[in-house]
Amino acid sequence: MRRRAAGLLLAGCLAALAAGPAAAASLQSCTDSPELSAAQQNVLLQVSQRVRTELERRGADVALVSRSGLALSWFDMRYSHAGLALRASPETPWAVRQLYFACDEQQPRLFDQGLTAFLMGTLEPELGYLSVVVLPRDAARSLEAEALDAPKALSLLGGRYSANAYAHGLVYQNCNQWLAELMASAWGGPFSAAAPPREQAQRWLRQQGYRGADFQLPARPFLWLTAFSPWLNRDDHPPEQLAQARFEVSMPAAIEAFVQRLHPQAERFEVCHTKSRMVLRQGWTPIADGCVAAEGDEVTELR
């Protein structure tokens with residue numbers, strides 16, 4: 001269930017920029033996800049089963065899922081990696097279709113991964129979060145069709161990966177940016193053959209007012225720390241943003257906000273877990289840090 005993938009490295013890469021050159025230098029090679037104990041795997045199995053049950057209860061066929069993979073608290077962000085959970089996935093029901101970076105091949109790939117394995121990508125197995133957005137029927141149907149159409153999904157796959165890719169750029173692409181462009185193709189298409197699909201997807205996203213998440217660095221000299229990681233770049237970002245020591249990057253929170261604005265009927269629920277309990281909350285208000293339940297939340301003691 002482990003995958004040598006840098007598609008999950010955005011949090012660590014950008015946090016390293018804030019931490020300094022020693023930390024950034026440690027990101028020069030791909031690393032495996034940590035080995036999980038039997039107890040930790042059991043917790044994630046229970047969480048994924050509860051999520052599947054909730055999706056079935058809602059009669060959903062596709063859902064936007066985002067997980068807390070790597071620590072982004074320095075930037076006040078909880079979620080680092082998003083994909084689409086598909087009931088009709090060719091892999092297994094509710095597998096997540098996502099972009100990841102194949103370290104061995106040094107190129108981005110599309111990857112279908114079971115929901116439990118998706119959750120196992122976290123670096124904090126005893127405190128994790130999963131956000132799930134269920135779209136209204138028409139929007140869901142077109143997005144599901146686009147995601148399951150392999151040639152269309154692959155046509156939006158960029159050739160060069162960058163963890164901090166400019167949200168509106170075409171030079172690089174990160175995992176969440178592929179998802180935003182897939183949504184553009186589903187809801188803004190069909191695109192013509194006169195221009196590359198990514199170019200048309202980005203044009204539509206701009207027209208709809210999509211904005212990535214802002215990563216504000218402490219000072220402009222920190223931009224030079226991109227040299228310490230092969231998965232960080234700055235040459236695709238607008239000069240005016242670089243002058244402010246700022247990166248605009250596609251992240252799960254930005255995609256969720258865009259979906260909520262575009263499709264106000266979209267529904268969200270969030271699940272978090274510790275090693276002994278799981279909390280499920282309905283709605284767009286995030287669960288408190290530390291997986292602290294509030295009135296109205298569903299709390300389950302884990303076996």
Side-chain angles (χ1 to χ4, degrees), residues 7 10 14 62 64 66 75 77 79-84 97-99 108 110 131 133 135-136 138-147 149 151-217 223 226 232-266 268 284:
L10 179 57
L14 290 168
V62 60
L64 168 64
S66 307
F75 296 101
M77 293 186 195
Y79 295 102
S80 60
H81 183 62
L84 288 179
R97 178 154 289 190
Q98 62 198 285
L99 182 152
L110 292 189
S131 177
V133 176
L135 294 156
D138 288 346
R141 187 178 295 113
S142 58
L143 183 57
E144 178 193 29
E146 202 77 8
D149 186 327
K152 283 190 176 181
L154 287 168
S155 74
L156 295 164
L157 184 63
R160 302 173 68 187
Y161 175 83
S162 179
N164 67 323
Y166 176 47
H168 299 290
L170 296 170
V171 178
Y172 305 105
Q173 186 183 51
N174 78 358
C175 49
N176 303 307
Q177 187 175 354
W178 170 80
L179 181 56
E181 291 171 2
L182 184 75
M183 290 177 172
S185 182
W187 300 332
F191 293 150
S192 73
R198 288 196 64 206
E199 182 180 312
Q200 295 181 80
Q202 282 294 343
R203 184 183 304 124
W204 185 84
L205 288 170
R206 284 182 179 276
Q207 291 171 348
Q208 300 303 313
Y210 172 72
R211 274 189 49 80
D214 281 336
F215 284 85
Q216 182 65 57
L217 302 182
L223 295 173
T226 56
L232 290 173
N233 297 276
R234 62 178 183 273
D235 57 298
D236 59 325
H237 289 266
E240 60 272 19
Q241 293 187 7
L242 295 179
Q244 301 167 3
R246 179 167 65 90
F247 291 127
E248 183 185 346
V249 182
S250 282
M251 296 295 291
I255 293 175
E256 283 194 356
F258 179 65
V259 168
Q260 186 182 21
R261 179 170 62 80
L262 211 61
H263 301 288
Q265 292 178 304
R268 177 182 183 271
W284 293 88

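Numbers here simply count residues along the sequence, with the first being 1.
Annotation: the span from Q265 atom CD to Q260 atom CD amounts to 12.5 Å, rounded to 0.5 Å. How far CE of M183 is from CD of Q208: 13.5 Å, rounded to the nearest 0.5 Å. Between H168 atom NE2 and E248 atom CD the span is 4.0 Å, to the nearest 0.5 Å. How far CZ of R246 is from CD of Q241: 4.0 Å, rounded to the nearest 0.5 Å. To the nearest 0.5 angstrom, S185 atom OG is 9.0 Å from D149 atom CG. Taking CD of Q98 as the reference point, atom NE2 of H81 lies at 3.5 Å (rounded to 0.5 Å).
Annotation: side chain of L182 is in contact with side chain of L143 (closest heavy-atom distance under 4.5 Å). Side-chain atoms of L99 and L179, non-hydrogen and from C-beta on, never get closer than 4.5 Å to each other. Between F247 and L232, every side-chain heavy-atom pair lies at or beyond the 4.5 Å cut-off. Between W284 and V133 there is a side-chain heavy-atom pair separated by less than 4.5 Å. Contact check for S66 versus E256: side-chain heavy atoms found under the 4.5 Å cut-off.
Closest approach of W204 and G188 over heavy atoms only: NE1-CA, 3.3 Å. What you find for A167 and V249 is that their closest heavy atoms are CB-C, 4.0 Å. For the residue pair A201 and L156, the shortest heavy atom distance occurs at CB-CD2, 4.2 Å. Between N174 and A163, the shortest heavy-atom contact is ND2-O, 3.3 Å. Taking all atoms of both residues into account, the shortest heavy-atom contact from N176 to A82 is OD1-N, 3.0 Å. Residues A245 and Q216 come closest through the heavy atom pair O-NE2, 3.1 Å.
A donor-acceptor pair under 3.5 Å is formed between the side chain of N164 and the backbone N or O of N233. Checking side-chain atoms of E146 against main-chain N and O of A184 turns up no donor-acceptor pair under 3.5 Å. Side-chain atoms of D236 do not come within 3.5 Å of backbone N or O of L170 as any donor-acceptor pair. Between the R198 side chain and the S155 main chain, no donor and acceptor come within less than 3.5 Å of each other. Between the side chain of W178 and the backbone N or O of G158 there is no donor-acceptor pair closer than 3.5 Å. Under a 3.5 Å cut-off, the side chain of R97 and the backbone N or O of A147 do form a donor-acceptor pair. The closest donor-acceptor contact from the side chain of H263 to the backbone of D138 lies at 3.5 Å or more, if one exists at all. Remark: side-chain polar atoms of Q200 are paired, donor with acceptor, to backbone N or O of S192 under 3.5 angstrom.
Residues forming a ring pair (Phe, Tyr, Trp, His ring centres under 6.0 Å) with F258 (at least two apart in sequence, or on another chain): Y210.
A donor-acceptor contact closer than 3.5 angstrom links the side chains of D235 and Y172. Judged purely by distance below 3.5 Å, without hydrogens or angles, the side chains of E181 and Q177 pair a donor atom with an acceptor atom.
In E199, the CD atom is crowded: over 12 heavy atoms of neighbouring residues, nucleotides or ligands sit closer than 6.0 Å.
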